[in-house]
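Inspection log for the structure reproduced underneath, given as structure tokens.
Counting convention: from 1, in listed order, for ligands and their atoms alike.
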Amino acid sequence: MGKIVLEGFMGSGKSTYGKALARKLGWSFIDTDALIEDREGRAIPKIFEEDGEDYFRRLETDTIGELSGNEKSDAVISVGGGLPVREKNRDLMKKCGTVVYLKGSEELLYSRLISESESRPMLHGGELRDRIRSLLNEREELYLDASDAVVLIDGKEPDEVLDEIVAIAGV
Ligand code: S3P
């Protein structure tokens, strides 16, 4: 049984590509953010507002821990952009299966996030471009550390991205 884990910065299209990939492979699709929101019965901005980032990060560790322990079914898993920041989470992601980093340029991410920053607490406070740049700087090496391979997404058709992921995972 296989699992493909998609990681990357906010706005890199992890969920969109993940859903399409799962459909293509006939696998199930799991999104850690959606799972957390369902279980908590509240949206991520609300969780951050009421209980803070550390609480959310603990939920992420619990979630990826559970997923890494379930070896029974094939699945494409898309993880929140900050989940790979914790070392323990990177280990759990690797335990799940093949980890692919969907890498977008700062320019592309900015253009996608400009209308969507409201729903992402990590982008609040300060100028959007600066927030993206500094978080990307902090996270780039962690994304690389967690991943088996990198797929560049700038200028590519969705099918090209999916084909690359399939080739990497060998499924
Ligand atoms: C976060 C990314 C979000 C979500 C939360 C925190 C981050 O997921 O988990 O708002 O720290 O980068 P997406 O990457 O799906 O937007």
Side-chain angles (χ1 to χ4, degrees), residues 3-23 28-68 75-93 96 99-147 150-154 158 161-162 165:
K3 286 197 174 47
I4 297 174
V5 181
L6 301 181
E7 61 155 12
F9 201 77
M10 293 168 268
S12 57
K14 302 175 293 281
S15 305
T16 310
Y17 291 123
K19 269 182 210 153
L21 182 61
R23 203 176 311 121
S28 49
F29 172 69
I30 299 164
D31 180 318
T32 58
D33 286 339
L35 208 54
I36 288 171
E37 288 187 322
D38 273 2
R39 287 179 175 174
E40 287 285 300
R42 41 188 186 153
I44 287 170
K46 206 75 187 151
I47 300 175
F48 269 73
E49 188 190 312
E50 293 176 350
D51 292 301
E53 183 184 349
D54 279 355
Y55 176 80
F56 175 74
R57 299 298 174 202
R58 283 202 293 279
L59 297 177
E60 286 191 313
T61 301
D62 294 345
T63 306
I64 194 68
E66 277 172 39
L67 295 172
S68 71
V76 177
I77 301 169
S78 134
V79 301
L83 187 143
V85 170
R86 281 190 172 188
E87 187 178 5
K88 180 172 182 195
N89 295 358
R90 296 198 293 283
D91 291 340
L92 291 167
M93 288 163 67
C96 281
V99 181
V100 178
Y101 170 23
L102 298 176
K103 180 176 160 75
S105 65
E106 183 190 311
E107 207 48 48
L108 177 72
L109 298 171
Y110 176 74
S111 69
R112 289 187 181 177
L113 290 168
I114 200 155
S115 60
E116 288 188 28
S117 62
E118 218 35 59
S119 62
R120 290 179 162 102
M122 293 303 289
L123 296 176
H124 298 171
E127 212 271 314
L128 180 62
R129 192 180 281 274
D130 295 338
R131 282 296 293 151
I132 294 173
R133 184 171 301 142
S134 77
L135 280 174
L136 264 178
N137 280 339
E138 281 169 29
R139 292 177 176 182
E140 174 71 6
E141 68 179 290
L142 306 176
Y143 290 147
L144 292 174
D145 175 54
S147 62
V150 180
V151 171
L152 303 177
I153 57 170
D154 283 61
V161 172
L162 298 190
I165 301 171

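Short contacts between ligand 1 and Ile44, defined as distances under 4.0 Å to a heavy atom of the residue, involve ligand atoms 5 (C), 10 (O). Per-residue contacts place Gly82 under 4.0 angstrom from the following atoms of ligand 1 (heavy atoms of the residue considered): 1 (C), 7 (C), 11 (O), 12 (O). Each of the following atoms of ligand 1 lies closer than 4.0 Å to a heavy atom of Pro121: 10 (O). The Met122 neighbourhood of ligand 1 comprises atoms 6 (C), 7 (C), 11 (O), with distances under 4.0 Å to a heavy atom of that residue. The ligand atoms of ligand 1 that sit less than 4.0 angstrom from a heavy atom of Gly80 are 8 (O), 9 (O), 14 (O). Ligand-side atoms of ligand 1 in range of Arg120: 16 (O), range being under 4.0 angstrom from any heavy atom.
The backbone N or O of Met122 sits less than 3.5 Å from a side-chain atom of Arg131, completing a donor-acceptor pair. With Tyr143 contributing its side chain and Leu136 its backbone, the two residues share no donor-acceptor pair below 3.5 Å. Panel note: side chain Lys14, backbone Gly8; a donor-acceptor pair is recorded below 3.5 Å.
Between the choices Thr32, Asp31, Asp33, Val85, the shortest heavy-atom distance to atom 3 (C) of ligand 1 belongs to Asp33. Among Glu53, Lys14, Arg57, the residue whose heavy atom sits closest to atom 11 (O) of ligand 1 is Arg57.
Of the heavy atoms in Met10, both backbone and side-chain atoms come closer than 4.0 Å to ligand 1. When heavy-atom distances to ligand 1 are checked against a 4.0 Å cut-off, Glu116 has no atom that comes that close, whether in backbone or side chain. Residue contacts with ligand 1, taken as heavy atom pairs separated by less than 4.0 Å, do not involve Glu7 at all.
Atom CZ of residue Arg23 and atom CG of residue Leu162 lie 9.5 Å apart, to the nearest 0.5 angstrom.
Salt bridge annotation for Arg57-Glu53: present, with a cationic side-chain nitrogen under 4.0 angstrom from a carboxylate oxygen. Lys46 has no carboxylate O lying under 4.0 Å from a charged side-chain N of Glu37, or vice versa, which leaves the two without a salt bridge.
Within a 6.0 Å radius of CD in Glu87, no more than 12 heavy atoms belonging to other residues, nucleotides or ligands are found. Counting non-hydrogen atoms of other residues, nucleotides and ligands closer than 6.0 Å to CD of Glu50 gives a total above 12.
Among all non-hydrogen protein atoms, the one lying nearest atom 12 (O) of ligand 1 is Arg139 NH1, 2.6 Å.
Among the candidates Asp33, Asp31, Thr32, the single residue satisfying the side-chain hydrogen bond (donor to acceptor under 3.5 Å, both in side chains) test with Ser15 is Asp31.
For the pair Gly81 and ligand 1, the shortest N or O to N or O distance falls below 3.5 Å.
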